[in-house]
Amino acid sequence: MIIEMKNIKKQFGDNVVLKDISFGVDSGEVVSIIGPSGSGKSTLLRCATFLETIDGGEIIYMGEHAAHTDVQGKAVYVTQQELKHFRSYYGLVFQQFNLFPHYSVMKNLTDAQVHVLHRSKEEAEEIAMDLLGKMGIADRADAYPYQLSGGQQQRVAIARALAMKPQILFFDEPTSALDPELTGEVLNVIRKLAEEKMTMVVVTHEMAFAKAVSNRVIFMDGGVIVEQGDPKDVFDDPKEERTKQFLRVFER
């Protein structure tokens, strides 16, 4: 299993955002997380990628603990140095692309390869060009983010994440900042990655996409997993009333 999250708890002040969430992702699996705004989906991803610290539970990558709960019930993390090792397991693609605006597309893709993975500039550029070709934007290598459409920027962000050769890719609503025309471009890239058996967790509002591409769908609401299972079962025959209510909105 690439990642396991067990009994995850997270609150901000008095607001309990995640209440005892457990799930895992196997190699080659595509898991979509759906649910209303404020249900804890993005916070769960931020906890999985150490952008937020959990208050309790366990985070396990490739069988190794990155965080666990001590006898006092407090979450304890490995050292910062050890966390670097865990960060090498995943890539994260944000809603807002998060490209470096003062770097060209090529430098956005090669910088971390050279400084974090210590690849040569030549090797990093070769990997970058190969990925930009797969994304259909090889001709934009020398452009800067401001010269690209939103869809192109998000494809650069996906290529940048893939350049680090992660075991798993996390997507936090990768199309929510895009207009409908550009959304299709990005979803097609993720669809191709799914066909190549890239392990992915995708937080999304794109229900048709989640149904078509996922091996498993998780429906969250109020900081808990309400229902999960095969996409066909969750979308066509949901067991929980709350899931039915949520999906009814998308059928209108």
**OP:** Output, in order, the C-alpha distance, side-chain angles, deciding distance and verdict of side-chain contact (heavy atoms from CB on, under 4.5 Å) for Thr53 and Lys10.
**Re:** CA-CA 8 Å; Thr53 52; Lys10 176 67 184 174; 4.0 Å; yes
**OP:** Could you check Val17 against Gln11 for side-chain contact (heavy atoms from CB on, under 4.5 Å), going step by step and ending with a plain yes or no?
**Re:** CA-CA 5 Å; Val17 183; Gln11 65 186 84; 5.6 Å; no
Original post:
Nearest heavy-atom pair of Ile21 and Met220: which atoms, and what distance?
Top reply: CD1-CE, 3.6 Å
Subject >> Closest non-hydrogen atom pair, Ala67 against Ile54 >> reply: CB-CD1, 4.1 Å
Original post:
Do Glu4 and Glu58 touch side chain to side chain, with heavy atoms closer than 4.5 Å?
Top reply: no
Original post:
What distance do Lys192 atom NZ and Ile158 atom CD1 have between them, rounded to the nearest 0.5 Å?
Top reply: 11.0 Å
Original post:
Any donor-acceptor pair under 3.5 Å linking the side chain of Gln153 with the backbone of Phe97?
Top reply: no
Subject >> Connected via hydrophobic side-chain network under 4.5 Å: Leu187 and Val189 >> reply: yes
Subject >> Members sharing Phe100's hydrophobic cluster (side chains within less than 4.5 Å) >> reply: Tyr103
**OP:** Calculate, to the nearest 0.5 Å, the distance between atoms CZ and CD1 belonging to Arg119 and Ile127 respectively.
**Re:** 3.5 Å
Original post:
Rounded to the nearest 0.5 Å, how far apart are CG of Asp221 and CZ of Phe246?
Top reply: 8.5 Å
Original post:
Which other residues end up in the same hydrophobic cluster as Tyr146, if Ile, Leu, Val, Met, Phe, Trp and Tyr are linked when side-chain heavy atoms come under 4.5 Å apart?
Top reply: Tyr144
Subject >> Check ion pair Arg216-Asp230 (N to O, under 4.0 angstrom) >> reply: no
Original post:
Would Val25 end up clustered with Leu193 when hydrophobic side chains under 4.5 Å apart are linked, directly or stepwise?
Top reply: no
Original post:
Shared ILVMFWY cluster between Phe23 and Ile168, side chains joined below 4.5 angstrom?
Top reply: yes
Original post:
Quick one: does Gln152's side chain get under 4.5 Å of Val105's, heavy atoms only?
Top reply: no
**OP:** Would you check if Lys9 and Lys19 make a side-chain contact, meaning some heavy-atom pair closer than 4.5 Å?
**Re:** no
Subject >> Exam field: side chain Ser32 to backbone Val217, donor-acceptor pair closer than 3.5 Å >> reply: no
Original post:
Is a side-chain donor or acceptor of Tyr61 paired with a backbone partner of Ala48 at a separation under 3.5 angstrom?
Top reply: yes
Original post:
Do Pro174 and Val202 touch side chain to side chain, with heavy atoms closer than 4.5 Å?
Top reply: yes
**OP:** Show the numbers, then the answer: is there a salt bridge (Lys or Arg N to Asp or Glu O under 4.0 Å) between Glu125 and Lys121?
**Re:** CA-CA 6 Å; Glu125 286 183 351; Lys121 186 165 181 270; 3.2 Å; yes
**OP:** Give a yes or no on whether Asp179 atom CG has more than 12 heavy-atom contacts from other residues, nucleotides or ligands under 6.0 Å away.
**Re:** yes
Using a 3.5 Å cut-off and no angle test, enumerate the donor-acceptor pairs between side-chain atoms of residues 34-46 and protein atoms at least two apart in sequence or in another chain.
residue: Ser39; atom: OG; partner: Pro36; partner atom: O; Å: 2.7
residue: Lys41; atom: NZ; partner: Gly35; partner atom: O; Å: 2.9
residue: Lys41; atom: NZ; partner: Pro36; partner atom: O; Å: 3.0
residue: Ser42; atom: OG; partner: Asp172; partner atom: OD1; Å: 2.7
residue: Ser42; atom: OG; partner: Asp172; partner atom: OD2; Å: 3.3
residue: Arg46; atom: NE; partner: Glu52; partner atom: OE2; Å: 3.4

Original post:
Should Asn98 and Arg160 count as side-chain neighbours, where that means a heavy-atom distance under 4.5 Å?
Top reply: yes
**OP:** Return yes when atom NZ of Lys239 has more than 12 non-hydrogen atoms of other residues, nucleotides or ligands closer than 6.0 Å, and no otherwise.
**Re:** yes
**OP:** Report whether Ile225 and Phe170 are members of the same hydrophobic cluster (ILVMFWY, side-chain heavy atoms less than 4.5 Å apart, transitive linking).
**Re:** yes
Original post:
Is it true that atom CD of Glu126 has more than 12 heavy atoms of other residues, nucleotides or ligands lying nearer than 6.0 Å?
Top reply: no
Original post:
Counting only heavy atoms not in Glu241, do more than 12 sit closer than 6.0 Å to its CD atom?
Top reply: yes
**OP:** May I ask you to check whether over 12 heavy atoms, not counting those of Gln96, lie within 6.0 Å of atom CD?
**Re:** no
Subject >> Minimum side-chain heavy-atom gap Arg140-Gln147 below 4.5 Å >> reply: yes
**OP:** Enter the distance from Asp26:CG to Met1:CE here, rounded to the nearest 0.5 Å.
**Re:** 4.0 Å
Original post:
Do the non-hydrogen side-chain atoms of Ile2 and Tyr89 ever get within less than 4.5 Å of each other?
Top reply: no
Original post:
Would you find more than 12 non-hydrogen atoms of other residues, nucleotides or ligands less than 6.0 Å from Lys211 atom NZ?
Top reply: yes
**OP:** Would you please test Glu82 and Tyr77 for side-chain contact (heavy atoms from CB on, under 4.5 Å) and show each step?
**Re:** CA-CA 9 Å; Glu82 289 169 308; Tyr77 281 79; over 6 Å; no
Subject >> Shortest non-hydrogen contact from Asn215 toward Pro231 >> reply: O-CD, 3.4 Å
**OP:** Check the pair Ile3, Thr199 against side-chain contact (heavy atoms from CB on, under 4.5 Å), reporting the backbone distance first and the verdict last.
**Re:** CA-CA 10 Å; Ile3 182 172; Thr199 311; over 6 Å; no
Subject >> Side chain proximity check, Val156 to Met135, heavy atoms < 4.5 angstrom >> reply: no
**OP:** Drop me the distance from Gln95's CD to Thr175's OG1, to the nearest 0.5 angstrom.
**Re:** 9.0 Å
Original post:
To the nearest 0.5 Å, how far apart are CZ in Phe86 and OG1 in Thr49?
Top reply: 14.0 Å
Original post:
What's in the same ILVMFWY side-chain cluster as Val16, cut-off under 4.5 Å, chained through other members?
Top reply: none
**OP:** Kindly work out whether a path of hydrophobic side-chain contacts (I/L/V/M/F/W/Y, heavy atoms less than 4.5 Å apart) joins Leu92 to Phe50.
**Re:** yes
Original post:
Any salt bridge between Lys74 and Asp70, counting N to O under 4.0 Å?
Top reply: no
**OP:** Apply side-chain contact (heavy atoms from CB on, under 4.5 Å) to Pro238 and list each qualifying residue two or more places apart in sequence or on a separate chain.
**Re:** Glu227, Thr243, Lys244, Leu247
**OP:** Heavy atoms only: give me the nearest Ala138-Met129 pair and the separation to one decimal.
**Re:** O-CE, 3.7 Å
Subject >> ring-ring contact (aromatic ring centres under 6.0 Å, His included) against His65, all qualifying residues, sequence neighbours excluded >> reply: none
Subject >> Identified side-chain contact (heavy atoms from CB on, under 4.5 Å) partner of Phe171 from the options Ile33, Ile190, Val203 >> reply: Ile190
